[in-house]
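Values below: all heavy atoms of this structure, side chains included; hydrogens, waters and symmetry mates excluded. Quantities reported herein were computed from a predicted structural model and do not represent experimental measurements. So you know, we letter chains A, B, ... as the sequences are listed, proteins then strands, and number each from 1.
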Number of protein chains: 2
Amino acid sequence: MNIGKASLATGVSAKMIRYYETVGLIRPSERTESNYRDFSERDLNDLRFIRRARSLGFSVEEIGRLLSLWRDRNRPSREVKAMAEKHVADLDARIKEMQAMADALRDLSHCCAGDDRPDCPILSDLAGSPAAASQGDTP
Amino acid sequence: MNIGKASLATGVSAKMIRYYETVGLIRPSERTESNYRDFSERDLNDLRFIRRARSLGFSVEEIGRLLSLWRDRNRPSREVKAMAEKHVADLDARIKEMQAMADALRDLSHCCAGDDRPDCPILSDLAGSPAAASQGDTP
DNA sequence: GTTGACCTTCCCATGACAGGAAGGTTTAGA
DNA sequence: TCTAAACCTTCCTGTCATGGGAAGGTCAAC
């Protein structure tokens, strides 16, 4: 199966398949006589695994470790769980940060008239004004 | 005020100050005889504005527009509010995505024993297994 | 046999940083 | 006054996952 078919079959773009190969995430596939990549069912399974893991936000490096664990039939599930929990913690931290940004901006937005006048609490806040001043008002 | 002092005074690293200059976010500052950058109070205000906007997640490009609006004393606050609302929407979308990832992973993690045994619903899920199979079990 | 749709490798760009090298300047202390 | 440390300057590189595109080889259908 060539790279186009493999891409269709797994939902991983051809570009990305080649990239995963160069960074060592997947083993180089077989090649046809004419040097086309030739993917086995096993290769496709790896690609699907990668796609799913990416969709859960794992980095390529983390997926490398997950793939090793997947291939190791003597893995302790403890290790997988630890990785998952750490990733969840990372996600939660980033979510919290973004939530704080969104909340702060929502507050400011809510206080902004949003009309033709220049007075704007959003800009005032960005300008670090303690009150409702803005550079245009007090240059 | 040289770049080191400006960095301390604004919380923007010297590296970033130079970067913002090269990408045109800030105007090139004055220079001393010996070619050192020399920042005015106004420059510092711009840098503080940028730092605050970055902390709210605005991109450098968006901050460029915000700075223009800030400097334009005839701006309609409508434009600022629109930018803020769009940004909030972007944040919310990304938060939702990450929330979905975290929730999915939490579910899987919760079902994983996390001990010495190899059986692992997390890997099973990544492998796209409909049931609790894993590659190690069914190669 | 031609055409079009593939494939190959290689290079470049993204965004917002950080690190570092090579070389000039300022400043503090001996 | 000299020197060493702590600055500053520009320029180049790498990050991470991804897309775009050029130049050239291959396959498939008609």
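For the salt bridge (Lys or Arg N to Asp or Glu O under 4.0 Å) condition, the pairs that include at least one residue of residues 12-25 of chain B, sequence neighbours left out, are B:Glu21-B:Arg31, B:Glu21-B:Arg37.
Look at CZ on A:Arg94: it is 12 Å from C1' on D:dC16, rounded to the nearest Å. A straight line from CZ of B:Arg51 to P of C:dA16 spans 17 Å, rounded to a whole angstrom. In this structure, the CD atom of A:Glu62 is 11 Å from the P atom of D:dC16, given to the nearest Å. As rounded to whole Å, 16 Å separates atom C1' of C:dC7 from atom CE of A:Met1. Straight-line distance from the CD1 atom of B:Ile63 to the P atom of C:dA16: 8 Å, rounded to whole Å. In this structure, B:Ile3 places its CD1 atom 20 Å from P of C:dG24, rounding to the nearest Å. Between B:Ile50 atom CD1 and C:dA16 atom P there is a gap of 12 Å when expressed in whole angstrom units. Atom CZ in B:Arg54 sits roughly 12 Å away from atom P in C:dG15 (whole-Å rounding).
Residue B:Arg65 places its CZ atom among more than 12 non-hydrogen atoms of other residues, nucleotides or ligands, all under 6.0 Å distant. No more than 12 heavy atoms of other residues, nucleotides or ligands shown are found within 6.0 angstrom of CD on A:Glu61.
Between B:Phe49 and B:Leu66 the shortest side-chain heavy-atom distance falls below 4.5 Å. Within the 4.5 Å cutoff, the side chain of A:Ile122 has heavy atoms near those of the A:Ser109 side chain.
A distance-only check finds no donor-acceptor pair linking the side chain of B:Arg75 to the backbone of B:Val80 [under 3.5 Å]. Between the side chain of B:His110 and the backbone N or O of B:Leu105, no donor-acceptor pair lies under 3.5 Å.
Comparing the local axis fitted to the first five base pairs of the helix from C:dG1-D:dC30 to C:dA30-D:dT1 with the one fitted to its last five gives a bend of 10°, rounded to 10°.
When all heavy atoms of B:Ile3 and B:Ala14 are compared, the pair lying nearest together is CD1-O, 3.6 Å. Residue B:Val12 comes nearest to B:Ser7 through the heavy atom pair O-OG, 2.7 Å, listed as atom of the first residue, atom of the second, then distance. Nearest heavy atoms, A:Ala102 versus B:Val88: O-CG2, 4.1 Å.
Within residues 26-38 of chain B, the residues approached by DNA chain C to less than 4.0 Å at the level of any non-hydrogen atom are B:Ser34, B:Tyr36, in residue-number order. Within residues 12-19 of chain B, the residues having any heavy atom under 4.0 Å from DNA chain C are, by residue number, B:Ser13, B:Lys15, B:Met16, B:Tyr19.
A:Val60 comes within 4.0 angstrom of sugar-phosphate atoms only, judged by non-hydrogen atoms across all strands, and of no base. Among the heavy atoms of the strands lying under 4.0 Å from A:Tyr20 are primed sugar atoms or P, OP1, OP2 only; no base atom is included.
For A:Tyr36, there are no ring pair (Phe, Tyr, Trp, His ring centres under 6.0 Å) partners at least two apart in sequence or on another chain.
Ion pair A:Arg27/A:Asp46 flagged as a salt bridge, since at least one NZ, NE, NH1 or NH2 atom sits closer than 4.0 Å to an Asp/Glu carboxylate oxygen. Salt bridge A:Asp92/A:Lys96: absent, no basic N to carboxylate O contact under 4.0 Å.
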With 3.5 Å as the limit, what N/O pairs link the protein to nucleotides 28-30 of chain D?
none

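To the nearest 0.5 angstrom, B:Leu47 atom CG is 5.0 Å from B:Ile17 atom CD1.
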